[in-house]
Amino acid sequence: GAPHDLAGRTVVISAGGTREAIDPVRFIGNRSSGLQGYALARTAAARGAEVVLVAANVALPDPAGAKVVRVESALELREAVLAASASADVVVMAAAVADFRPADPRGSKIKKTSGEPDPIDLVKNPDILAELGERRRDGVPYPRVIVGFAAETDDVLANGQAKLERKGCDLLVVNQVGGGLAFGTPDNAATVLVAGGQPVEVPRGPKDDVADAVWDQVAARLS
Ligand code: C5P
């Protein structure tokens, strides 16, 4: 069975992909399935953790042993993650959060007109991961361990290391994108970058393997 090395720990995991409303029926979204986040939730619960799973638009059954909070947009995800992280040991931002949202979502459905369509103005969403890192730099002790995800295609180590430092996280899981991996697939391959430590390679395999490699590093930092 799984080691019980997360017993008594509270972990918050975001999963899935946000949807940013254009009007009541349309949104800007992404292809995140939530599979990696759900694997993190399942494996953390198996290792004894109390799990809060903030799920953005995920079409998967609730994992056993997790408290699931459903959200849609980046702003809702931010509220839910910040509320839950106030007393959490660990936050893992596995969700694909939209970088931008429509500045002025319409209250009623945009009509098809004969002329050119109106452009959709975008504004920046807050970077939740960076915000957690900043708060901790300002002296907030929680969450004790902050984990980010990144999909990088080239210069994986250099770009990942820079992102780890920029966002102030302790671990950054860099997914290898392409070759039938990452979005919507059961398998993943990743490098876990560790602040002040050596990177850990996780060879291609089930998303539970990446999740367990993350929890190994988290457990080491908590003890
Ligand atoms: O900068 P980039 O989007 O590649 O960083 C990805 C990481 O940052 C993921 O962990 C993601 O959940 C998080 N993120 C966030 N808020 C955003 C954008 C990304 O927390 N607005």
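Both counts, for ligands and for their atoms, begin at 1 and track the order of listing.
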### Task
Would you check if there is a donor-acceptor pair between the side chains of Asn175 and Asn188 at a distance under 3.5 Å?
yes
### Task
Say whether, by atom type as modelled, one donor and one acceptor occur between the side chain of Thr18 and the main chain of Ala98 under 3.5 angstrom.
yes
### Task
May I ask you to check if ligand 1 and Ile128 share an N or O to N or O distance below 3.5 Å?
yes
### Query
Could you go step by step and tell me if Asn57 and Glu72 meet the side chain to side chain donor-acceptor pair (under 3.5 Å) rule?
CA-CA 6 Å; Asn57 313 296; Glu72 236 185 80; 5.9 Å; no
### Message
Out of all atoms in ligand 1, which are within 4.0 Å of some heavy atom of Leu129? Include the element for each.
### Response
7 (C), 8 (O), 10 (O), 13 (C), 15 (C), 20 (O)
### Query
What about Lys167: any of its N or O atoms under 3.5 Å from an N or O on ligand 1?
yes
### Message
With a 4.5 Å cut-off on side-chain heavy atoms, are Asn125 and Phe100 touching?
### Response
no
### Task
Assess Lys163 for proximity to ligand 1: is some non-hydrogen atom of it under 4.0 Å away?
yes
### Query
Does any non-hydrogen side-chain atom of Thr191 lie less than 4.5 Å from one of Leu157?
yes
### Query
In this structure, are over 12 heavy atoms from other groups packed under 6.0 Å from Glu50 atom CD?
no
### Task
Using a 4.5 Å cut-off on heavy atoms from C-beta on, say whether the side chain of Ile22 contacts that of Pro102.
yes
### Query
Starting from atom 10 (O) of ligand 1, which protein heavy atom do you reach first, and at what distance in Å?
Met93 O, 2.7 Å
### Query
Of the protein's non-hydrogen atoms, which lies at the shortest distance from atom 7 (C) of ligand 1, and what is that distance?
Phe149 O, 2.9 Å
## Note on the structure
Note: heavy atom closest to atom 11 (C) of ligand 1, options Ser32, Gly148, Ala95, belongs to Ala95
### Message
With nothing but distance in play, are any N or O atoms of Val97 less than 3.5 Å from an N or O of ligand 1?
### Response
no
### Query
atom 21 (N) of ligand 1: which of Gly160, Gly133, Pro126 has the nearest heavy atom?
Pro126
